[in-house]
Protein chains: 2
Amino acid sequence: MGQFLGTHVNRLDRKGRVSVPAPFRAVLARFETTELILRPHHKSACIEARPEPEFRRLAARLDALDSFSDDHDALAFALFASAHSAIPDAEGRIVLPEALIAHAGLGETVAFVGLGRLFQIWAPEEAERMTRSAVQAARERGLTLPGGGTA
Amino acid sequence: MGQFLGTHVNRLDRKGRVSVPAPFRAVLARFETTELILRPHHKSACIEARPEPEFRRLAARLDALDSFSDDHDALAFALFASAHSAIPDAEGRIVLPEALIAHAGLGETVAFVGLGRLFQIWAPEEAERMTRSAVQAARERGLTLPGGGTA
DNA sequence: AGATTTCCCATGCTATCCCATAATCGACCA
DNA sequence: TGGTCGATTATGGGATAGCATGGGAAATCT
């Protein structure tokens with residue numbers, strides 16, 4: 001399995017630890033890393049997690065910009081300043097930083113939502129609401145993928 | 001045979017397992033995979049199943065969209081968040097996730113409906129009704145296949 | 001030293017594998 | 001052409017390994 005798929009709800013314990021779903025860890029291995037880069041999503045109340053190589057790919061796009069421009073600085077801040085590194089321990093758990101827990105409004109349980117090359121961490125209720133509205137948007141607005149027929 | 005053809009009714013056991021029809025497994029092999037991606041259909045009460053490479057083809061279209069747009073996020077959610085990976089075991093069975101069973105309203109038996117490059121899983125009664133009405137709709141509305149060419 | 005974090009071990013649970021049986025299909029032969 | 005045999009398929013149940021989770025001990029920082 002090469003991409004992050006599905007929604008998995010796990011428990012966030014008193015120490016701020018949570019098990020990364022086993023299938024996600026398998027995907028991580030496919031990226032030939034153990035390291036995850038966690039960032040607060042710039043719009044939504046969730047944490048965005050990428051395998052380190054994938055994050056690197058994203059960061060590489062910065063190089064296209066002039067390193068002395070204001071745009072470059074702003075983007076660099078957004079990308080790096082509130083990012084955290086996390087490596088699952090022997091049991092497959094990571095600790096979520098306080099700041100990110102607050103940003104996502106997480107409680108006792110958290111939902112891991114697979115999104116292909118990355119995944120997000122939501123409060124379970126919010127994750128379900130997002131999924132619902134995304135599916136409905138796809139249905140009503142006829143959102144479809146470019147370059148082809150019906151999904 | 002390179003395409004999923006016909007309708008096959010199999011039993012869903014207490015553990016949520018069901019045998020993938022042997023001919024379908026043969027088609028899967030043609031795709032050079034053992035992995036299936038299962039998703040709830042966004043409109044109908046059924047499960048949609050694709051060979052992993054076929055799903056990947058679909059997902060690749062997302063890359064055409066700006067990765068920070070709202071449309072991209074919504075689409076990614078709709079596509080990935082409720083997807084499940086399934087690999088037939090040595091006996092050719094897969095387990096259907098609880099959420100998908102509920103979505104499709106499945107009971108003791110399930111119908112596998114071949115649809116070419118993908119197949120769907122329905123409650124048998126619904127499957128029969130669908131094929132009936134689909135044929136009728138095609139006849140009444142004079143539906144034809146796009147892409148022309150020889151009959 | 002106190003507090004916080006990381007590592008390590010223990011446990012219940014669930015999904016996965018494995019084997020055994022039954023039913024079906026197709027082939028081959030008379 | 002009808003019947004029998006063989007092989008593959010579908011299905012059921014039990015064993016096993018992996019996973020999520022909780023608590024405690026060692027290590028680290030301040």
Side-chain angles (χ1 to χ4, degrees), chain A residues 1 4-30 34-36 38 47 49 84-102 106-114 119 121-124 127, chain B residues 1 4-30 33-38 47 49 52 83-102 106-114 119 121-124 127:
Chain A
M1 199 213 310
F4 298 107
L5 289 184
T7 300
H8 310 256
V9 177
N10 280 346
R11 227 177 140 66
L12 187 64
D13 72 17
R14 217 164 317 153
K15 297 178 182 177
R17 295 180 299 184
V18 63
S19 290
V20 176
F24 282 20
R25 297 196 308 257
V27 175
L28 203 56
R30 283 288 170 85
T34 54
E35 188 180 6
L36 284 168
L38 309 178
I47 302 170
H84 297 254
S85 163
I87 299 177
D89 64 20
E91 286 77 39
R93 286 184 286 197
I94 57 175
V95 294
L96 297 182
E98 202 48 58
L100 294 183
I101 293 180
L106 302 181
E108 292 272 308
T109 60
V110 303
F112 290 77
V113 181
F119 62 88
I121 302 176
W122 294 77
Chain B
M1 199 209 311
F4 298 108
L5 294 180
T7 299
H8 310 256
V9 176
N10 280 345
R11 226 176 137 67
L12 186 64
D13 72 18
R14 216 163 319 158
K15 295 181 181 176
R17 294 181 299 185
V18 63
S19 290
V20 176
F24 283 19
R25 298 198 305 260
V27 175
L28 202 56
R30 285 290 166 83
T33 300
T34 55
E35 187 180 5
L36 284 168
I37 306 296
L38 310 177
I47 301 169
E52 192 273 344
H84 296 256
S85 162
I87 299 177
D89 64 19
E91 286 78 36
R93 286 183 287 195
I94 57 176
V95 296
L96 298 182
E98 199 51 57
L100 294 183
I101 293 179
L106 302 180
E108 293 272 309
T109 61
V110 303
F112 290 77
V113 182
F119 62 87
I121 302 175
W122 293 78

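As the structure is a prediction and not an experimental result, all values here were calculated from the model. Convention: sequence-line order gives letters A, B, ...; per-chain numbering from 1.
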So A:Phe119 and A:Phe112, would you call those rings parallel, tilted or perpendicular, with 30° and 60° as cut-offs?
-> tilted
Can a side chain N or O of A:Arg93 be found less than 4.0 Å away from OP1 or OP2 on D:dG23?
-> no
Quick one: are A:Ile101 and A:Leu12 in side-chain contact, heavy atoms under 4.5 Å?
-> yes
Look at the side-chain N and O atoms of B:Arg17 and state whether any lies under 4.0 Å from the OP1 or OP2 oxygen of C:dA15.
-> no
Distance in angstrom units between A:Ile87 CD1 and C:dT5 C1', rounded = 15 Å
Kindly indicate whether the side chain of A:Ile94, heavy atoms from C-beta on, has any atom under 4.5 Å from the side chain of A:Val18.
-> yes
Base, sugar-phosphate alone, or nothing: which one does A:Asn10 contact when heavy atoms must sit under 4.0 Å apart?
-> sugar-phosphate
Rounding to a whole Å, what distance do you find between B:Glu108:CD and D:dT11:P?
-> 11 Å
To the nearest 0.5 Å, how far apart are CD1 in B:Ile87 and CZ in B:Arg93?
-> 16.0 Å
Please give, in whole Å, the distance from C:dC7 C1' to A:Asp13 CG?
-> 14 Å
For B:Glu98 and C:dC13, give me the distance from atom CD to atom C1', rounded to whole Å.
-> 16 Å
State the CD-CZ distance between A:Glu108 and A:Arg14, to the nearest 0.5 angstrom.
-> 9.0 Å
Does the side chain of A:Arg11 get closer than 4.0 angstrom to OP1 or OP2 of C:dC13 through an N or O atom?
-> no
Just how far, in rounded Å, is P of D:dA27 from CG of A:Asp89?
-> 17 Å
Contact class for B:Val9 vs. all strands (heavy atom < 4.0 Å): base, sugar-phosphate, or nothing?
-> nothing
Report which part of the nucleic acid A:Val18 touches: base, sugar-phosphate, or nothing (heavy-atom distance under 4.0 Å, all strands).
-> nothing
Could you check how far CD of A:Glu91 sits from C1' of C:dA10, rounded to whole Å?
-> 11 Å
Side-chain contact, heavy-atom cut-off 4.5 Å: B:Ile47 with B:Leu106?
-> yes
Mind calculating the distance between CG (A:Leu96) and C1' (C:dT5) to the nearest angstrom?
-> 15 Å
Enter the distance from B:Ser85:OG to B:Ile37:CD1 here, rounded to the nearest 0.5 Å.
-> 5.0 Å
Computed from five pairs at either end and rounded to 10 degrees, the angle between the axes of the helix from C:dA1-D:dT30 to C:dA30-D:dT1 is 40°
Quickly work out the A:Arg14 CZ to D:dG22 C1' distance and round it to whole Å.
-> 8 Å
